Each structure stands twice: as C-alpha cells, then as structure tokens.
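Below is one structure; the comments refer to it alone.
Quick note: numbers below take in every heavy atom, side chains included, and nothing from hydrogens, waters or symmetry partners. On a predicted model such as this, the values are computed, not experimentally measured, just so you know.
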Amino acid sequence: MMKNLINPVSDEIDKIFSTKFTYTTTDSVPNVESNTDLTYSNGNVQKGLELTTCVLFVDIRNSVKINNEHYTHVKGRIYTSFVSSVLRIAKYHHGYVRNIIGDRVMIVFEPEECFKNAVDCAVSINHVASKIIAKKVSGFKVGIGIDYGTMKVYKVGIITTGIENPENKNLVWIGDPVNFASRLTDIAGKPMEKKYRIKRILKTFLGAKKVNDEFNNEALVSSLKSYDSYDFSSIQSIDEINVGAYNNILITEEVFEGLKKQDPNRNSIKKKFWTEANGDFRGVDKKVYQASLIWVM
C-alpha cells in the first residue's frame with residue numbers, strides 16, 4: 001500500500017531535479033498569490049525571482065522560560081500580542097511579513113530606503129517589547145537580526161482545492177542575507193558566553209606531587225574541563241552564570257554602511273550608539289554592529 005505514496009513522491013522528486021530554474025530581477029517584494037513571474041515546478045521550467053534588499057528576523061528571548069512560568073492562556077496572550085505587534089510595525093515601516101514560525105517572524109523590505117526602514121522597524125519592535133509587553137511579562141525581550149543582499153525566491157507547494165489550498169503553498173527565500181539575518185537573531189540579546197563560578201576548598205595535584213596549600217575562594221572558568229586536576233570532593237558549589245550580553249539588535253556591516261548613507265543625521269549614527277560586536281556569529285563572515293535602541297516619545 002505504501003507504494004501508492006512513495007512512487008508518486010519519487011517521480012515528483014525526479015521531475016524537480018531535472019527542472020530548469022530561471023530568475024527575473026524584481027524591485028518589489030513578491031507574495032505567493034499575485035506574482036506571475038513565480039511558478040511551481042512543472043518538470044520543465046520553474047520561474048523564480050531575484051530581489052536585493054534588507055531582510056529582518058525577530059524572535060522572543062527566553063521563550064522556554066516563558067513557557068515554563070506561565071499558564072497556557074497567558075502564553076496565548078503573550079504570543080498573540082507579540083506577533084500582532086510585529087505585523088502592524090512591519091506594515092508601518094514598509095516591510096512585508098513573509099514567514100511566521102512559532103515566535104519567529106521574517107520581514108522583507110522594499111529596496112528603496114530599505115536600510116532606514118529595516119532599522120526603524122527593529123527599533124519599533126524593540127520599543128514595544130521592552131517598554132510595553134515587558135510591563136506585563138517580566139523579563140520579556142526580543143532578538144533582532146538584519147542583513148542586506150540578493151535573495152532568490154521560489155514558489156513551493158502543491159495545488160489543492162478547498163480551504164486547505166493556502167496551507168499547501170509558500171515562498172522559499174534562499175541566500176546569504178536570509179541565513180545571516182536568521183543567525184544574528186539567534187544571538188541578539190543573548191549572553192556572550194557562559195562561565196562557571198566555583199566555590200571551593202581544594203587541594204591541587206601537579207603530576208604525582210601534591211600541593212598541600214589549602215585555600216577557600218572562588219574561581220570563574222569557561223569550562224569545567226580545566227579543573228580536571230582538582231579534587232572535586234571539596235567543591236562547595238558550582239553555579240552557571242552569564243557573562244555579558246549582546247544588544248537586542250544586530251546588523252551586518254552592509255546594513256550599517258547603508259544606514260549611514262541613507263540617514264546620516266539620525267541620532268544613533270551621530271552619537272555613535274552602534275558599536276562593533278565581537279564574537280562567534282555562527283558563520284557570519286562579516287562585521288556585525290549592535291545596539292539596543294528605543295524611541296524617545
């Protein structure tokens with residue numbers, strides 16, 4: 001019986017892998033319904049689009065903690081408030097929401113003034129999160145990542161009838177800007193590194209020679225492996241702590257330079273609120289700048 005499923009799926013995959021993909025450059029953000037330059041794969045040619053602009057990702061920090069600390073109906077209010085706010089903010093700043101997965105939202109901007117609009121959108125989201133939602137949910141904050149570059153857009157899915165038709169199709173956005181912005185979102189607003197605070201009364205060993213001096217103090221280490229030479233039986237406690245944190249908004253160098261050109265007199269540029277962020281950005285091989293900005297109302 002499973003052949004009735006597997007064989008057609010296998011045939012479709014063969015067709016897709018033999019399909020020729022073509023791309024048309026566009027200067028507007030496409031959607032899955034209205035753009036005739038986007039087609040499904042038909043075994044011969046699949047039409048896609050190429051768009052160069054800014055892309056923003058945002059999601060909630062500490063979502064696991066929120067899930068553990070709140071009842072279901074409260075969590076519903078939190079996520080509904082957050083997503084609804086992001087949708088409204090995106091529209092105001094000329095952005096188009098193109099993906100919502102749980103508490104992560106993807107926003108693509110029209111190319112014209114995309115640097116200014118994307119950063120303004122990030123500031124508005126951070127303002128609502130830290131100044132409005134955080135008053136109702138203690139510790140609520142978001143992480144936002146923005147990059148700029150060329151993305152390829154494909155239409156994927158299957159054509160069905162009835163109310164499930166919209167649920168079976170979507171746009172796929174491929175390219176470094178999507179990957180980089182998403183990775184920056186994973187890091188924004190999170191600790192730069194974790195360390196361990198060890199309270200101890202220890203005796204150390206150097207090879208076969210025992211150092212007899214006992215001491216009672218604290219050590220801050222990046223890894224417990226560095227303490228393999230110690231007698232753990234005399235450790236009083238080990239606490240995991242966070243050292244430093246990235247700002248809530250991370251942008252790539254292209255976005256930062258584009259922002260300076262489009263809006264050189266904005267406060268955050270003139271007063272140098274943006275600082276270069278250092279660290280492991282999971283394959284983002286370019287400079288990254290950070291800030292935690294809100295609006296002065």
- Query: Yes or no on salt bridge (charged side-chain N to carboxylate O under 4.0 Å, His left out) for Lys286 and Glu253, after CA distance, side-chain angles and deciding distance?
  - Reply: CA-CA 7 Å; Lys286 56 180 75 176; Glu253 184 176 18; over 6 Å; no

- Checking side-chain contact (heavy atoms from CB on, under 4.5 Å) for the pair Ile251/Phe115: CA distance, chi angles, key distance, verdict? CA-CA 10 Å; Ile251 63 176; Phe115 302 108; over 6 Å; no

- salt bridge (charged side-chain N to carboxylate O under 4.0 Å, His left out) between Glu113 and Lys116: does it pass, once the steps are laid out? CA-CA 6 Å; Glu113 294 195 325; Lys116 179 182 182 300; 5.7 Å; no

- Hey, mind stepping through Phe180 and Tyr148 against ring-ring contact (aromatic ring centres under 6.0 Å, His included) and telling me if it holds? CA-CA 9 Å; Phe180 289 171; Tyr148 169 85; over 10 Å; no

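For Asp280 and Arg183, the salt-bridge test fails: no basic side-chain N is under 4.0 Å from an acidic carboxylate O. A salt bridge does not link Lys75 with Asp103: every distance from a Lys NZ or Arg NE/NH1/NH2 to an Asp or Glu carboxylate oxygen is 4.0 Å or more.
For Glu112, the CD atom counts as loosely surrounded, since its 6.0 Å shell holds 12 or fewer non-hydrogen atoms of other residues, nucleotides or ligands. Residue-environment remark: OH (Tyr92) stays at or below the threshold of 12 foreign heavy atoms within 6.0 Å. In this structure, Ile101 places its CD1 atom where only 12 or fewer heavy-atom neighbours from other residues, nucleotides or ligands lie under 6.0 Å away. No more than 12 heavy atoms of other residues, nucleotides or ligands sit less than 6.0 Å from atom CD of Glu12. Heavy-atom neighbours of Lys65 NZ from other residues, nucleotides or ligands within 6.0 Å: at or below the threshold of 12. The number of heavy-atom neighbours closer than 6.0 Å to NZ of Lys287, taken from other residues, nucleotides and ligands shown, is 12 or below.
In this pair, Phe281 and Tyr246 present their aromatic rings tilted. The plane angle is within the 30 to 60° band.
In this structure the side chain of Val156 never reaches within 4.5 angstrom of the side chain of Tyr40, judged on heavy atoms. Two residues are said to be in side-chain contact when any heavy atoms from C-beta on lie closer than 4.5 Å; Ile269 and Asp263 fail this criterion.
Side-chain N or O atoms of Arg61 include one that pairs as donor or acceptor with a backbone N or O of Ala188 at under 3.5 Å. In this structure, the side chain of Gln46 engages the main chain of Lys155 through a donor-acceptor pair within 3.5 Å. Side chain of Lys190 to backbone of Asp186: a donor-acceptor contact under 3.5 angstrom is found. Listed for the Ser182 side chain is no donor-acceptor partner under 3.5 Å among the backbone atoms of Val178. A donor-acceptor pair under 3.5 Å is absent between the side-chain atoms of Ser138 and the main chain of Ala134, judged by distance alone. In this structure a side-chain-to-backbone donor-acceptor pair under 3.5 Å is present from Asn31 to Glu33.
Of the N and O atoms on the side chains of Tyr23 and Tyr154, at least one donor lies less than 3.5 Å from an acceptor on the other residue. For Thr252 and Asp147, the side-chain atoms include at least one donor-acceptor pair closer than 3.5 Å. Side-chain contact, Asp59 with Thr185: no donor N or O sits under 3.5 Å from an acceptor N or O.
Checked against Lys141 for a side chain to side chain contact (heavy atoms under 4.5 Å, CB included), the options Asn126, Ile60, Asn248 give a single hit: Asn248. Here the rule is side chain to side chain contact (heavy atoms under 4.5 Å, CB included) with Thr26, and of Leu51, Thr53, Val153, Thr52 only Leu51 fits it. When each of His94, Glu110, Gln262 is checked for a side chain to side chain contact (heavy atoms under 4.5 Å, CB included) with Asn117, only His94 meets the rule.
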